[in-house]
2 protein chains.
Amino acid sequence: MAGNGNAGKAKTVSGKTATSKAVTGKTGAGTAGEAMAGGSTLEIRSDGTGNADILEAAAACFMEQGFSATSIDDVARRLGATKGRIYHYYASKTDLFFDVHREGMDRLFAAVETASAMPGTAGSRLARMLKAHALASMENHTYIAVVVQGVHMHRLAATTPAQRRTLDAVMDMRRRYERLFRSMLDTALEDGSAISESPSLTIKAALGAINWMSIWYRPKAGETAADREALAEQIVRPLRFGFEPRRG
Amino acid sequence: MAGNGNAGKAKTVSGKTATSKAVTGKTGAGTAGEAMAGGSTLEIRSDGTGNADILEAAAACFMEQGFSATSIDDVARRLGATKGRIYHYYASKTDLFFDVHREGMDRLFAAVETASAMPGTAGSRLARMLKAHALASMENHTYIAVVVQGVHMHRLAATTPAQRRTLDAVMDMRRRYERLFRSMLDTALEDGSAISESPSLTIKAALGAINWMSIWYRPKAGETAADREALAEQIVRPLRFGFEPRRG
DNA sequence: GGCTTACAACATACTCGGTAGTATGCATTT
DNA sequence: AAATGCATACTACCGAGTATGTTGTAAGCC
């Protein structure tokens, strides 16, 4: 029963001893301990028609009220639906949250990896990545707000058994993401296109400055892509050059 | 009844139509619209013997689990006490949260205002303030984690009537705090001890980078004051000089 | 200095609304 | 006719706030 090849419809489940719907590892026979890129341990429906709306509504609710203050009924209400619809796709509120988180991370990865493949010195590529990160954070700010919240989810959802696994996968995703920036900085340090006394903290400072946008940034009415572009540029500039005047 | 000079014991209350304990504005007859530094609209006991422990426990719980996931019983359990003790001093969970928030802001103000009074160019004083902010954030990281959460409290606790006032006071405190940095940067821009194309975003980036520490920073076992000093220095440095190499 | 009174500083016991999760019903599609 | 894609109805529990009881202690009185 568990592990049949039916890849058409898999409810997002985490733990539980239930009989029919407990499907923890789905895509093929995943050996425990795998950490594939992009595909976490939890899974959604294949065609994202129904879920996209749910994800969108959930992301908005989680952003506005936070995880625990958001009720499933809140999400359903925003959808113009009821709990039944949500629980048809997700086994628990936590699973829903993690799926929003995963979606957000996916979008970040896509944006930043594209930027990292651009030509130029490692230093300028790092700047591009930071700008891409800022831009993606603005364009998907509801999802990214959830991603930010997810950092705190260390002990919170550690209740269910295999739910812990999905959380580990999410945490791993975060680490890999930060490593993307870190390794680019290391390259830049080697070829002299960047300087840093403590690369780890330099990255944390830069990413922190941008992630903090999820606190204060809200899209203005009539905001254009050019506006966001300018904003991203202006938030990255002080990180590149600092506020100390340059002489020479 | 309301507004008597009894400054010895005032329960922290926000709204409510209750008879005996509704004391919203206490220190003298505060005209509505005042924005005094340090003294918010809500108030605690004068001698902080009993509350200090409550604040400490509450800050720890709020940091670990967040506001809405923390129950009053959680705080009481950490205190080795019961609800009764907490509700003896605070009228609601929200009031408790705001008091932790206020305490955190008070400590930040104290640290940064001291730093801003130091000699040197405006640019170097700004750097000192940022470092002081980082240091205070580490030394009071439980409280500061609550302060960070407080940013999201816009719509959340807007339920009770006069509770809204205390929230406004808190928000005002935050703005004044950021303005401390902003005006110092403006001074530095005038005398040429700092550069910035967009002062507002430069401040947001710098403060964001440091505030983000409340996400990843946790005191190590056996950590010394010198360790924190070094950490503060290393987090501020990239903000001053950037990661782009300086020529000349 | 004893006695009482009153209040502070809690603990205990209870209410009651909200919420996660479940069970089931029902229409539509395949 | 079987499964999908929901909605409706129900349960069980947790948690905020309240009401009330209990103990220590300082104050007033003689």
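Proteins get letters first, then strands, A, B, ... in listed order; numbering begins at 1 in each. The figures here come from the full heavy-atom set of this structure, side chains too, leaving out hydrogens, waters and symmetry mates. All figures in this text were calculated on a predicted structure; none of them were measured in a lab.
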Atom [atom1] of [X] and atom [atom2] of [N]: how far apart are they, to the nearest Å?
| X | N | atom1 | atom2 | value |
| --- | --- | --- | --- | --- |
| B:Y87 | D:dT20 | OH | P | 17 Å |
| B:K93 | D:dT18 | NZ | C1' | 17 Å |
| A:Y90 | C:dT19 | OH | C1' | 20 Å |
| B:R85 | D:dG21 | CZ | P | 23 Å |
| B:L96 | D:dA16 | CG | C1' | 13 Å |
| A:I86 | D:dC6 | CD1 | P | 11 Å |
| A:N51 | D:dG5 | CG | C1' | 12 Å |
| A:I54 | D:dG5 | CD1 | P | 11 Å |

With sequence neighbours left out, what residues match B:E139 under salt bridge (Lys or Arg N to Asp or Glu O under 4.0 Å)? none
Applying salt bridge (Lys or Arg N to Asp or Glu O under 4.0 Å), can you list everything that pairs with B:K83, at least two apart in sequence or on another chain? B:D73
Expected output is a numbered-order residue list: members of residues 70-84 of chain A with a heavy atom under 4.0 Å from any atom of DNA chain C. What is it? A:T70, A:S71, A:I72, A:K83
Output all residues satisfying ring pair (Phe, Tyr, Trp, His ring centres under 6.0 Å) with A:F109, sequence neighbours left out; order by chain, then residue number. A:Y177
Please name all residues satisfying ring pair (Phe, Tyr, Trp, His ring centres under 6.0 Å) with A:F62, sequence neighbours left out, ordered by chain then number. A:F67, A:F97
State which residues pass side-chain hydrogen bond (donor to acceptor under 3.5 Å, both in side chains) with A:R174; sequence neighbours excluded, sorted by chain then number. A:H101
Mind checking what makes side-chain hydrogen bond (donor to acceptor under 3.5 Å, both in side chains) contact with B:R179, not counting sequence neighbours? none
Among all residues two or more places apart in sequence or in another chain, which pass the side-chain contact (heavy atoms from CB on, under 4.5 Å) test with A:A76? A:I86
Ignoring backbone atoms, establish whether B:Y89 has a side-chain N or O less than 4.0 Å from OP1 or OP2 of C:dC10. yes
Using a strict 4.0 Å threshold on nitrogen-to-oxygen distance, state whether B:D74 and B:R78 make a salt bridge. no
Given C:dA20, D:dG5, C:dA8, which nucleotide is nearest the side-chain atoms of B:H88? C:dA8
End-to-end bend of the helix from C:dG1-D:dC30 to C:dT30-D:dA1 (five-pair axes, 10° rounding)? 0°
Just by distance, do the side chain of B:D172 and the backbone of B:A169 share a donor-acceptor pair under 3.5 Å? no
